[in-house]
Each structure stands twice: as C-alpha cells, then as structure tokens.
Protein chains: 2
Amino acid sequence: MTDGVVERSRPRDRILETARDMFHKHGIKGVGVDAITEAAGTNKMTLYRHFESKDELIVECLRANAAKAGAMWEAFEAEFPGDKLAQLHAWVRKAAFMLNADGRGCDMANAAAELTEPEHPARLVIKELKEAQRARLVTLCRDAGIGQAELLADTLSLLFEGARVSVQTVGSEGPSAQFVRMAEGLIVSFRGAAAS
Amino acid sequence: MTDGVVERSRPRDRILETARDMFHKHGIKGVGVDAITEAAGTNKMTLYRHFESKDELIVECLRANAAKAGAMWEAFEAEFPGDKLAQLHAWVRKAAFMLNADGRGCDMANAAAELTEPEHPARLVIKELKEAQRARLVTLCRDAGIGQAELLADTLSLLFEGARVSVQTVGSEGPSAQFVRMAEGLIVSFRGAAAS
DNA sequence: CTAGGGTGTTACCGGTCTGTAACTATGCAG
DNA sequence: CTGCATAGTTACAGACCGGTAACACCCTAG
C-alpha cells in the first residue's frame with residue numbers, strides 16, 4: 001500500500017514515478033506492468049501508449065534516477081560555491097546519508113545484476129551514467145587540489161559502491177558503518193601526499 | 001549451450017551444480033526450474049523430490065558457494081602456513097583475479113538485489129555467510145599484526161565488494177582496475193600505523 | 001456544438017512460471 | 001526372481017507475464 005503514488009499529474013509522469021519506486025523496492029523482474037499501472041492509478045494501455053515496452057520504461061526510470069543524482073551535484077556547488085574541498089566532504093556526508101536511507105542499494109547496480117543479457121538496452125545507459133558519475137567525482141577531486149585525483153575518486157567510488165551492497169546484504173551495522181571514517185581518512189591521506 | 005553440466009553423477013548434485021551455474025549467469029529470477037532440470041539432464045519431478053521448492057534450491061546454491069569460498073581460505077593457509085601477512089596478500093591477489101574472471105559480481109549480493117522480500121529464507125543465509133567471511137578477514141588482519149584490524153578488514157571488504165559491482169556496471173576498465181593498488185596501499189598504510 | 005486526442009475499460013493472445021499427479025522404467029538388494 | 005527406492009515421462013493446474021485489439025468516455029480547442 002505504500003506504493004500508491006497517485007497524485008493528479010499526467011499519466012506518463014505518474015507511471016514513471018511509480019515505476020521508479022516499485023523497481024527500487026521490489027526489483028525489476030519482481031514488478032509487472034500491471035502492478036505498476038494499478039499503483040499509478042491508470043492502466044496498461046496508457047503505459048504502452050507512452051512507452052513502447054517495459055524495457056524502455058526501465059531505461060527511462062534509470063535516466064530519471066540519474067537526473068536526480070545530477071541535481072545532487074548542483075546542490076553541492078550551490079551550498080559551497082567554488083569550495084571544491086567542502087563539496088567533496090559534502091559528497092561523503094551525502095553518501096553516508098544514502099547508506100542509512102533504505103537497504104536497497106543502488107538502482108543501477110541492482111538493474112545490472114538483474115538484467116544479464118549483454119545487449120540489454122539498460123546496460124548501455126547504466127554504463128554511460130556510471131561513467132558520468134565517475135567523471136564528476138574525478139573532476140571534483142582534481143579541482144580540490146588532490147594529487148592523485150583519479151585514484152582517490154575511484155577509491156571513494158568503490159568504497160561507496162561496496163558500502164551500498166554491504167548494507168543490502170548484512171545491514172547497516174556491518175562494514176559500511178565505518179564508511180565516513182574510511183572516506184575521511186582517505187581524503188586526509190591523499191591531501192598529505194605530493195602530486196605525482 | 002554452455003549450460004549443460006551433464007556429467008554422470010547423482011541427479012541432486014547435477015541439479016545443484018547446474019543451478020549454481022545458471023543462477024550465476026542469468027540471475028535467479030531469470031532462470032526457471034524447467035531450464036535448470038533440462039540443462040542438468042533430468043526433469044522437474046526429480047528436482048522437487050530433492051528440494052521442496054525453488055527457494056530451498058536457491059538457499060542450497062548459496063551455501064554451496066560459501067563452501068567453495070571456505071576452501072579458498074584453507075588454500076591460503078596451506079600455501080603460506082602461519083604467514084598471515086602473506087595470506088592477506090594472497091587474498092588481495094585472489095580478489096583481483098576474481099574481478100577479471102567474469103563480470104557477474106557476487107552471487108550473494110546479486111541474490112540480495114533480486115530477492116527483496118525481507119523474510120525470504122535466502123536473506124538469512126546471505127547475511128550469515130557474509131558475516132562469516134567478514135570475521136575471517138578480520139581475524140586474518142589481526143593475526144597479521146595489523147593495528148586496527150577491523151577497520152582494515154572492513155575497508156578491504158567494501159573495496160572488493162564495490163569493485164565487483166563496478167565490474168558489473170562499467171566493466172573491468174573502470175575504477176576496479178586500480179583495486180590491487182588501493183588494497184596494497186591500504187595494507188602498507190595500516191602496517192605503518194600504531195595499534196590503537 | 002463539434003471534432004479529436006488523450007484516457008479508461010474489458011477482454012484477450014501466447015507464453016512462461018512454480019508446483020503436482022499418475023504412471024512407467026530402471027537398477028539394485030535380498 | 002521379487003521387491004523397492006530412485007528416476008524419467010507426460011500431462012496438467014493455476015497463476016502471472018508482456019503486449020494488443022476494440023471500444024466507450026471525457027475534456028478541451030476550435
């Protein structure tokens with residue numbers, strides 16, 4: 001019953017929003033199009049008038065997620081204009097917050113785990129969007145004056161990604177509980193090192 | 001066609017082995033019991049004589065995976081008897097090897113992503129087995145004389161876990177390519193630090 | 001008032017899913 | 001040879017899946 005996002009907006013938006021929520025909670029293969037349209041207060045025909053297939057709906061959901069993530073980066077810049085180091089610490093705090101939000105991990109990673117066909121359209125956009133996120137973090141580290149910016153960014157990426165799946169498997173009392181300490185320690189360590 | 005593990009052994013073993021392989025490649029919800037039994041050279045009735053449901057088969061597959069992982073730890077001890085630090089480095093090498101093996105990530109994590117019902121029997125064993133692995137790595141770090149053994153073990157865990165999902169989403173040329181460097185750097189760093 | 005696009009409704013298609021029933025074939029122990 | 005456990009076969013139940021056809025409805029633009 002927590003799936004009923006039935007505000008009065010255009011059916012396409014309701015479907016997209018509802019699908020995002022249900023895919024996130026129950027997994028992609030765990031939700032049928034009938035369940036989505038019902039929770040969105042509409043019907044299957046309307047869904048197929050706006051999306052040519054379930055696969056396309058999945059792709060649009062992933063893109064919508066990425067757009068929301070993009071807004072996060074703009075919020076960092078708005079909160080600490082020009083202070084890239086502060087923005088990096090804000091990223092750490094935001095990441096830690098997301099860890100404790102719910103135990104359902106990253107939608108992109110979950111989708112990649114479920115959609116195993118190598119040619120599935122979703123796999124392309126997952127790769128594209130993950131690479132964009134990586135590029136943003138690398139840029140942030142570099143602009144913050146970190147010596148080995150790529151290495152720090154990649155290490156933080158893997159830590160965060162790992163923390164998300166750890167929450168999903170053993171809960172938030174597992175290794176992920178130390179995420180902030182690990183991340184902050186890494187930043188300190190990389191700031192102390194000379195540029196290569 | 002690569003799914004045909006039809007050696008002549010007892011049907012139960014063939015089913016288990018085939019199911020492990022197919023769940024790993026195609027995901028749990030991506031494989032039906034019919035496909036498993038056919039690839040195992042048997043039939044559905046025989047499966048249901050040995051496993052009371054698909055869920056139980058899933059659980060047995062996860063346990064079998066964990067048993068194989070357990071053998072890995074014994075191999076470390078056999079190769080470097082008593083030399084815990086060498087075993088820790090062996091773990092890093094083994095982890096890196098697994099990253100490049102195939103891009104399908106960790107079966108436990110994938111199962112947790114797919115099986116979203118909080119009371120699903122598989123979730124219990126996933127948590128149990130992941131906690132056992134964590135304990136082993138913590139013990140190894142402590143016995144290797146590392147100061148903050150838990151913190152190093154958890155950091156390495158998250159790095160590895162993150163690297164596996166990274167391979168699954170962006171491939172092995174992404175952040176995970178630096179896994180060994182990150183892990184070795186961490187070990188050096190923790191070895192240099194004083195015990196708390 | 002009217003025309004038409006967006007929407008809702010119902011029913012349906014062919015396929016797949018987990019799980020079961022009833023029966024047959026095989027192989028081995030006594 | 002007999003008896004019995006194990007395994008294979010066929011068919012089926014009941015539900016759900018993604019996707020489509022045909023038609024009725026309503027709201028708004030002209």
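Throughout, a chain's letter reflects where its sequence line sits, starting with A, and its residues are numbered from 1.
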Next on the checklist: Using 30° and 60° as the class boundaries, would you call the ring planes of B:Trp91 and B:Phe160 parallel, tilted or perpendicular?
Outcome noted: perpendicular
Checklist outcome for this item: In whole angstroms, the gap separating P of D:dC12 from CG of B:Asp34 amounts to 15 Å
Checklist entry - Ion pair present between B:Glu38 and B:Lys44, side-chain N to carboxylate O less than 4.0 angstrom? => result no
Checklist entry - Can you find a donor-acceptor N/O pair under 3.5 angstrom joining the side chain of A:Arg10 to the base of C:dG6? => result no
Item to check | Rounded distance (Å) that lies between atom P of C:dG8 and atom CD of A:Glu38 | outcome: 13 Å
Item to check | Among D:dG8, C:dT20, C:dT7, the one nearest B:Arg14 by side-chain distance | outcome: D:dG8
Checklist outcome for this item: Side-chain contact check for A:Met45: nearest option of D:dA22, D:dA7, C:dA21 is D:dA22
Checklist entry - Which whole-number value in Å describes the distance from A:Leu115 CG to D:dG18 C1'? => result 15 Å
Item to check | Distance in angstrom units between B:Glu56 CD and C:dG19 C1', rounded | outcome: 14 Å
Checklist outcome for this item: Ranking A:Glu52 and A:Gly30 by the position along DNA chain D of their nearest nucleotide, the one closer to 5' is A:Gly30
Checklist entry - Can you find a side-chain donor-acceptor pair between A:Thr46 and A:Asn43 that sits under 3.5 Å? => result yes
Item to check | Nearest-Å distance for atom pair CG/P, residues A:Leu47 and C:dG8 | outcome: 11 Å
Item to check | Under-3.5 Å donor-acceptor pair between A:Lys54 side chain and D:dG19 base | outcome: no
Item to check | Of the listed nucleotides D:dA7, D:dG19, D:dG18, the one nearest the side chain of A:Ser53 | outcome: D:dG19
Item to check | D:dT6 phosphate, OP1 or OP2, under 4.0 Å from B:His50 side-chain N/O | outcome: no
Checklist outcome for this item: Testing D:dA22, D:dT9, D:dG8 for proximity to the side chain of B:Arg49, the answer is D:dG8
Checklist entry - So which nucleotide from C:dG8, C:dT18, D:dG8 ends up closest to the side chain of B:Lys44? => result C:dT18
Checklist entry - When you measure from the side chain of B:Tyr48, which nucleotide among C:dT18, D:dG19, D:dG8 comes out closest? => result C:dT18
Checklist entry - Do A:Asn65 and A:His24 have side-chain atoms, one donor and one acceptor, less than 3.5 Å apart? => result no
Checklist entry - What integer distance in Å separates B:Asp13:CG from D:dA7:P? => result 10 Å
Checklist entry - Whole Å only: how far is the CG atom of A:Asn43 from the P atom of D:dA24? => result 16 Å
Checklist entry - Looking only at N and O atoms, is any donor in the side chain of A:Arg12 or the base of C:dG6 less than 3.5 Å from an acceptor on the other one? => result no
Checklist entry - Can you name the closest pair of heavy atoms from B:Arg12 and B:Phe51 and give their distance? => result NH2-CE2, 3.5 Å
Checklist entry - Separation of A:Ile36 atom CD1 from D:dG19 atom C1', in whole Å? => result 14 Å
Checklist entry - Is the phosphate of D:dT6, meaning OP1 or OP2, less than 4.0 Å from a side-chain N or O of B:Thr46? => result no
